[in-house]
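For clarity, every value in this text was computed on a predicted model and none was experimentally measured. Labels below follow one simple rule: chain letters A, B, ... track the order of the sequence lines, proteins then strands, and each chain is numbered from 1.
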Amino acid sequence: MTFSKITENRANRFRRALYSWTGEHPREMPWKGERDPYKVWLSEIMLQQTRVEQGMPYFNRFIRRFPDVQALAKASIKQVLKQWEGLGYYSRARNLHETARWIVRSQAGRFPEEYSSILRMKGVGPYTAAAIASFAFGLPHAVLDGNVHRVLSRYFGIDQTMDHRAGKKLFEDLADRLLDKEQPARFNQAIMDFGALCCTPKNPDCTSCYLRNQCFAFKLDRIGQLPPAKKSKPRRIRHFHYFIVADPGGQVVLSRRPAGDVWPGLYEFPKVETDGPQAPKVRPAGVDLPPRAKIGKAVLTDKQVLSHQVVHGYFYLVRMPETPKNQLTQPVDKLNRFPMPGILARSRKFWKELLS
DNA sequence: AAATCGGGGAG
DNA sequence: CTCCCAGATTT
């Protein structure tokens, strides 16, 4: 089945119904109607796999802290990650920062202005490039995100995910056909608003929907089956034993997480990972702890569930007679400046209290 | 094509 | 508990 023969007539009907709905259901967002490519870029990166309500406070804080691309380029990666703390997918922040520096240093502060060059920016894929191209520059590129996929899957009755080449291509072609070439920004905004507010994953509000007369899923009562669910994968279980090592002066040892694992570039305490919940038999590498020193019971345990793993955290308090050498150490009251994974950040007040 | 990369809210 | 969110990148 192909949809390449969607008539301009049908596309027009789709657009009109869409615009009617969004006209009656306004949606306020800080970046709505924004033309400044920096702000559009930031909002789109920030909202990748992130709900609007979750990203909104981060966007506002980020813009206040880094109002333009120059400010972002001037900042350190640590400061940028600090603003990103708790939002997840930290490579987004790193790519954003690297690209900001590239724009300022190699492009004279000039933001890429055509789709192909926007697409070459780190962390920018087909969706984000289309969003920036249309919102910031008014270029006719259709966005294809989870919202659009869901709307089109139901409306046209397409029982496919976008995990495969063929499925992706099918939805791309469809979105391109439907796109309002005269007002690409308006169309892209409308179809995403509609998907987020009306054609929701669960319990869509079909009663208020102006597309339902043409909607395959509505007419055949297949709303619950479209789009097809992706199969969930089992989560990897991990156990992180964190050693909070402090000297009498309140200096605490920190380490930085490597690339190639969760939370790249964020800071944490020296750690030993074990296969199970049992206490580790060894001490964190690199930290000059007495190898046989008793560490006692964990002062805190916590758990963080990610989409692909579950991390159990165990915290041990270790008092050292003097400052550990050859380690990154920081005074307790400066630990706030270090971006940390949620499992550490959440209990910040607790272990700061413990250390003071 | 499949795995990896976070965190949170809805149901 | 499961599902999925203004996806991209690496394997």
Side-chain angles (χ1 to χ4, degrees), chain A residues 27 29-32 34 39-59 81 84-96 98-99 118-135 141-151 153 161-168 171 175 185 187-197 199-204 224 227-236 238 257-266 303-311 339-346:
Chain A
R27 187 188 196 193
M29 292 176 292
W31 49 83
K32 195 141 189 178
E34 182 62 61
K39 291 179 184 169
V40 174
W41 175 42
L42 174 64
S43 68
E44 295 305 338
I45 297 292
M46 209 165 241
L47 291 169
Q48 287 169 0
Q49 290 294 284
T50 304
R51 287 187 329 274
V52 164
E53 308 79 56
Q54 187 185 358
M56 205 135 52
Y58 281 86
F59 176 83
L81 282 170
W84 211 269
E85 184 183 77
L87 194 56
Y89 289 137
Y90 297 93
S91 295
R92 294 183 295 177
R94 184 174 303 283
N95 288 331
L96 198 69
E98 286 177 11
T99 304
I118 294 170
L119 186 57
R120 276 184 232 116
M121 298 195 295
K122 286 187 179 177
V124 172
Y127 163 76
T128 306
I132 296 173
S134 62
F135 293 141
H141 290 88
V143 294
L144 179 52
D145 71 335
N147 289 308
V148 178
H149 171 241
R150 187 172 56 254
V151 170
S153 167
T161 65
M162 296 200 294
D163 296 346
H164 304 294
R165 212 75 178 81
K168 183 87 188 292
F171 286 103
F187 177 87
N188 282 339
Q189 187 65 62
I191 194 167
M192 287 195 287
D193 285 353
F194 174 76
L197 298 180
C199 199
T200 51
K202 303 270 198 287
N203 303 323
K230 301 179 193 175
K231 47 182 178 287
S232 62
K233 288 157 288 188
R235 290 186 168 94
R236 172 186 178 196
R238 306 179 71 174
R257 290 195 58 80
D261 197 355
V262 289
W263 308 320
L266 270 59
K303 178 178 79 164
Q304 183 161 352
V305 181
L306 313 183
S307 54
H308 54 294
Q309 36 184 292
V310 180
V311 177
M340 295 179 167
I343 195 165
L344 278 78
R346 264 186 281 129

Exercise for the section: Mind checking salt bridge (charged side-chain N to carboxylate O under 4.0 Å, His left out) for A:K230 and listing every partner two or more places apart, or none if nothing turns up? Expected result: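 A:K230 satisfies salt bridge (charged side-chain N to carboxylate O under 4.0 Å, His left out) with no other residue.
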Handout entry: Which residues share a salt bridge (charged side-chain N to carboxylate O under 4.0 Å, His left out) with A:R238, sequence neighbours left out
Key =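 A:R238: salt bridge (charged side-chain N to carboxylate O under 4.0 Å, His left out) contacts with A:D261, A:E273.
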What's [X] touching, base or sugar-phosphate or nothing? Going by heavy atoms closer than 4.0 Å.
X: A:G260; value: sugar-phosphate
X: A:G86; value: sugar-phosphate
X: A:V143; value: nothing
X: A:R236; value: nothing
X: A:M29; value: base
X: A:W31; value: base
X: A:E85; value: nothing

Handout entry: Validation row: A:K39, A:W31 side chains within 4.5 angstrom (heavy atoms)
Key =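 With C-beta onward as the side chain, the pair stays apart.
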Practice task
Find out whether A:R92 and A:T50 are in side-chain contact, i.e. whether some heavy atom of one side chain is under 4.5 Å from a heavy atom of the other.
Solution key: yes
Practice task
From the options B:dG11, B:dG6, B:dA1, select the nucleotide whose nearest atom is closest to the side chain of A:K202.
Solution key: B:dG11
[X] has an atom [atom1]; how far is it from atom [atom2] of [N], in whole Å?
X: A:M340; N: B:dG7; atom1: CE; atom2: P; value: 14 Å
X: A:K233; N: B:dA1; atom1: NZ; atom2: C1'; value: 11 Å
X: A:Q48; N: B:dG6; atom1: CD; atom2: C1'; value: 13 Å
X: A:L47; N: B:dG6; atom1: CG; atom2: P; value: 17 Å
X: A:K122; N: B:dC5; atom1: NZ; atom2: C1'; value: 16 Å
X: A:R235; N: B:dG6; atom1: CZ; atom2: C1'; value: 11 Å

Problem - Contact under 4.0 Å: A:Q309 side-chain N or O vs B:dC5 OP1/OP2 - result: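 Yes, within the criterion.
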Exercise for the section: Establish, with yes or no, whether the OP1 or OP2 oxygen of B:dC5 is under 4.0 angstrom from a side-chain nitrogen or oxygen of A:H308. Expected result: yes
Contacts of [X] that satisfy side-chain hydrogen bond (donor to acceptor under 3.5 Å, both in side chains) - sequence neighbours left out:
X: A:N95; value: none
X: A:Q48; value: A:T128
X: A:E34; value: none
X: A:R235; value: none

Handout entry: Residue closer to the 5' end of DNA chain C, A:G123 versus A:E53 (nearest nucleotide)
Key =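 Nearer the 5' end of the strand: A:E53.
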Problem - Those residues of residues 126-133 of chain A lying under 4.0 Å from DNA chain B by at least one heavy atom - result: none
Problem - Positions of residues 87-95 of chain A (non-hydrogen atom under 4.0 Å from DNA chain C), listed by number - result: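 Heavy-atom contacts with DNA chain C come from A:Y89.
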Exercise for the section: Could you tell me the separation between the CG atom of A:L87 and the CG atom of A:L81, rounded to the nearest 0.5 Å? Expected result: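 Answer rounded to 0.5 Å: 11.0 Å.
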Handout entry: Spacing of CE belonging to A:M46 relative to CH2 belonging to A:W41, to within rounding of 0.5 Å
Key =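 Spacing of CE (A:M46) from CH2 (A:W41) equals 11.0 Å.
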Exercise for the section: Please state the P separation for the pair B:dG11 and C:dA6 - nearest whole angstrom. Expected result: 14 Å
Practice task
Can you tell me, in whole Å, how much space there is between the C1' of B:dG9 and that of C:dA8?
Solution key: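 After rounding to an integer number of Å, I get 23 Å for this pair.
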Exercise for the section: Record whether the side chain of A:R51 comes under 3.5 Å of the base of B:dG8 through a donor-acceptor pair of N or O atoms. Expected result: yes
Practice task
Not counting sequence neighbours, which residues clear ring pair (Phe, Tyr, Trp, His ring centres under 6.0 Å) with A:Y127? List them please.
Solution key: none
Exercise for the section: Would you please name every residue forming a ring pair (Phe, Tyr, Trp, His ring centres under 6.0 Å) with A:Y58, sequence neighbours left out? Expected result: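 Testing A:Y58 for ring pair (Phe, Tyr, Trp, His ring centres under 6.0 Å), a comparison that skips the adjacent residues, returns none.
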Problem - Position toward the 5' end of DNA chain B (nearest nucleotide), A:D163 or A:Q304 - result: A:D163
Handout entry: Segment of DNA chain C, first to last nucleotide, that comes within the 4.0 Å heavy-atom reach of chain A
Key =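 Result: C:dC3 to C:dT9.
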Handout entry: Residue pairs fulfilling salt bridge (charged side-chain N to carboxylate O under 4.0 Å, His left out) with at least one residue in residues 42-51 of chain A, sequence neighbours excluded
Key = A:R51-A:E53
